[in-house]
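Following: one structure in structure tokens, then a few remarks.
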Amino acid sequence: QVQLVESGGGLVQAGGSLRLSCAASGRTFSSYAMGWFRQAPGKEREFVAAVSGSGRTTHNADSVKGRFTISRDNAKNTVYLQMNTLKPEDTAVYYCSSSPSVPELIRGFGSWGRGIQVTVSA
């Protein structure tokens, strides 16, 4: 089973930027869709962004369109989430996810990392 390790979280002021990284184990990284979810205190986990195995297709939640960009480097077994123009409502634990397909990933089926905290101060 793939192991996922997130990094790059932290505290940032509103309007600032952060880049999350997720390093995946395994030799078949490029065969899997990768994505990010987040969970704010008292709320359910929600989909943020996904990228296909090739990296050619991406999907973003409406709440982050135009601000967040997902990408992947298959040579490094790593997926990234560039977060710009951050808002206090982006504060959450962000989880990396891996799934055989983008539709399955968006529905929440797949492997998960342990999560990393992102806090955006007003």
Side-chain angles (χ1 to χ4, degrees):
Q1 186 169 346
V2 65
Q3 290 188 327
L4 306 172
V5 180
E6 300 96 339
S7 62
L11 174 65
V12 64
Q13 289 187 331
S17 298
L18 280 175
R19 188 176 81 156
L20 302 183
S21 299
C22 173
S25 64
R27 297 176 294 173
T28 58
F29 179 74
S30 62
S31 299
Y32 287 83
M34 299 294 297
W36 294 91
F37 285 71
R38 67 186 181 185
Q39 187 168 19
K43 295 187 177 181
E44 293 186 353
R45 190 175 298 188
E46 65 173 357
F47 168 74
V48 175
V51 60
S52 62
S54 66
R56 288 194 290 267
T57 304
T58 61
H59 298 267
N60 291 315
D62 288 343
S63 58
V64 305
K65 282 182 180 177
R67 300 189 299 122
F68 291 11
T69 302
I70 188 169
S71 62
R72 65 190 296 159
D73 185 339
N74 286 343
K76 295 183 178 180
N77 281 18
T78 301
V79 62
Y80 305 98
L81 185 67
Q82 178 66 44
M83 306 185 292
N84 298 328
T85 319
L86 283 160
K87 305 175 182 180
E89 51 263 43
D90 294 318
T91 295
V93 177
Y94 283 71
Y95 296 89
C96 180
S97 180
S98 173
S99 187
S101 71
V102 169
E104 290 174 279
L105 187 146
I106 293 175
R107 290 198 294 271
F109 300 122
S111 300
W112 298 92
R114 298 182 68 176
I116 192 163
Q117 179 70 44
V118 171
T119 302
V120 184
S121 62

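Basis for what follows: all heavy atoms, side chains included, without hydrogens, waters or symmetry-related copies.
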Check whether any side-chain N or O of [X] sits under 3.5 Å from a backbone N or O of [Y] as a donor-acceptor pair, and report yes or no.
{"X": "Thr78", "Y": "Asp73", "result": "no"}
{"X": "Thr119", "Y": "Thr91", "result": "no"}
{"X": "Thr58", "Y": "Ile70", "result": "no"}
{"X": "Asn74", "Y": "Gly53", "result": "yes"}

Transitively linked via ILVMFWY side-chain contacts under 4.5 Å: [X] with [Y]?
{"X": "Met83", "Y": "Ile116", "result": "yes"}
{"X": "Trp36", "Y": "Val2", "result": "yes"}
{"X": "Val120", "Y": "Val64", "result": "yes"}
{"X": "Val118", "Y": "Val93", "result": "no"}
{"X": "Tyr80", "Y": "Trp112", "result": "no"}

To the nearest 0.5 angstrom, please state how far the [atom1] atom of [X] sits from the [atom2] atom of [Y].
{"X": "Phe47", "Y": "Asn60", "atom1": "CZ", "atom2": "CG", "answer": "6.5 Å"}
{"X": "Phe109", "Y": "Ser99", "atom1": "CZ", "atom2": "OG", "answer": "9.0 Å"}
{"X": "Arg72", "Y": "Ser21", "atom1": "CZ", "atom2": "OG", "answer": "13.5 Å"}
{"X": "Glu6", "Y": "Gln117", "atom1": "CD", "atom2": "CD", "answer": "12.0 Å"}
{"X": "Gln82", "Y": "Leu20", "atom1": "CD", "atom2": "CG", "answer": "9.0 Å"}

Taking all non-hydrogen atoms of both residues into account, name the closest pair between [X] and [Y] and its distance.
{"X": "Ser17", "Y": "Asn84", "result": "OG-OD1, 2.9 Å"}
{"X": "Ala14", "Y": "Ala122", "result": "CB-CA, 4.4 Å"}
{"X": "Tyr95", "Y": "Gly113", "result": "CD2-O, 3.6 Å"}
{"X": "Leu105", "Y": "Gly35", "result": "CD1-N, 3.4 Å"}

- Crowding at CD, Glu89 (>12 non-hydrogen neighbours, <6.0 Å): yes
- More than 12 heavy atoms of other residues, nucleotides or ligands under 6.0 Å from CD of Gln39: is that the case? yes
- Task: Show the numbers, then the answer: is there a side-chain contact (heavy atoms from CB on, under 4.5 Å) between Met34 and Leu4?
- Result: CA-CA 10 Å; Met34 299 294 297; Leu4 306 172; 3.8 Å; yes
- Message: Do Arg45 and Phe37 form a cation-pi contact, if we require the NZ or CZ to be under 6.0 Å from the six-membered ring centre and within 45 degrees of the ring's axis?
- Response: no
- Leu18/Leu86 under side-chain contact (heavy atoms from CB on, under 4.5 Å): CA gap, chis, key distance, verdict: CA-CA 8 Å; Leu18 280 175; Leu86 283 160; 4.2 Å; yes
- Message: Please enumerate all residues that pass side-chain hydrogen bond (donor to acceptor under 3.5 Å, both in side chains) together with Asp90, with sequence neighbours excluded.
- Response: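 Partners of Asp90 by the side-chain hydrogen bond (donor to acceptor under 3.5 Å, both in side chains) criterion, ordered by chain and then number, come out as Arg38, Arg67.
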- So do the side chains of Leu81 and Val79 get within less than 4.5 Å of each other, counting heavy atoms only?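 SC-SC contact between Leu81 and Val79 ruled out.
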- Transitive ILVMFWY cluster of Tyr32 at side-chain heavy atoms under 4.5 Å: who else is in it?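 When side chains under 4.5 Å apart are linked, Tyr32 ends up in no cluster with other residues.
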